[in-house]
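Have a look at the structure below before the remarks.
Numbering of ligands and ligand atoms starts at 1, following listing order.
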Amino acid sequence: MHDWSRGAACQAMDPELFFPISTEGPGREQVEQAKAVCRGCPVRQPCLDYAIDTRQLNGVWGGTDPEQRRSLIPTVARRRETVPAPPLPGDR
Ligand code: SF4
């Protein structure tokens, strides 16, 4: 458990909501429900930072799905003035 996660809005929720089998089809509705929880979460930013830093490839973290996180990596790298992160597995 990370310090930031103690204030998580999802703390007492079913983790399966945040890890749908797919982000497409019926799983899309589940993703949107999870993102709605994240929108009211006081630790959304540290959660998102953690997910990007540790390359979480699945699930909803910090109000984002995996595809959104992949697109954020270059922006985060520039903001931190670091060398861009290597591509995620499966990226071309
Ligand atoms: S931002 Fe979302 S996934 Fe992250 S701790 Fe908050 S509710 Fe949970």
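Closest approach of C38 to F18, counting heavy atoms only: SG-CE2, 4.0 Å. In terms of heavy-atom proximity, D65 sits nearest to R28 at OD2-NH1, 3.7 Å. Here the shortest heavy-atom pairing between V43 and A8 reads CG2-CA, 3.7 Å.
Around atom 6 (Fe) of ligand 1, the protein contributes the following N, O or S atoms at distances under 2.8 Å: C41 SG.
Of all the heavy atoms of V60, the ones lying under 4.0 Å from any atom of ligand 1 belong exclusively to the backbone.
Separating the CZ atom in R44 from the SG atom in C10 is a distance of 12.5 Å, to the nearest 0.5 Å.
Aromatic ring pairs are classed by plane angle as parallel below 30°, tilted from 30° to 60° and perpendicular above 60°; the pair W61 and W4 is perpendicular.
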From CA spacing to verdict: side chain to side chain contact (heavy atoms under 4.5 Å, CB included), E67, T23: CA-CA 9 Å; E67 185 176 333; T23 58; 5.9 Å; no

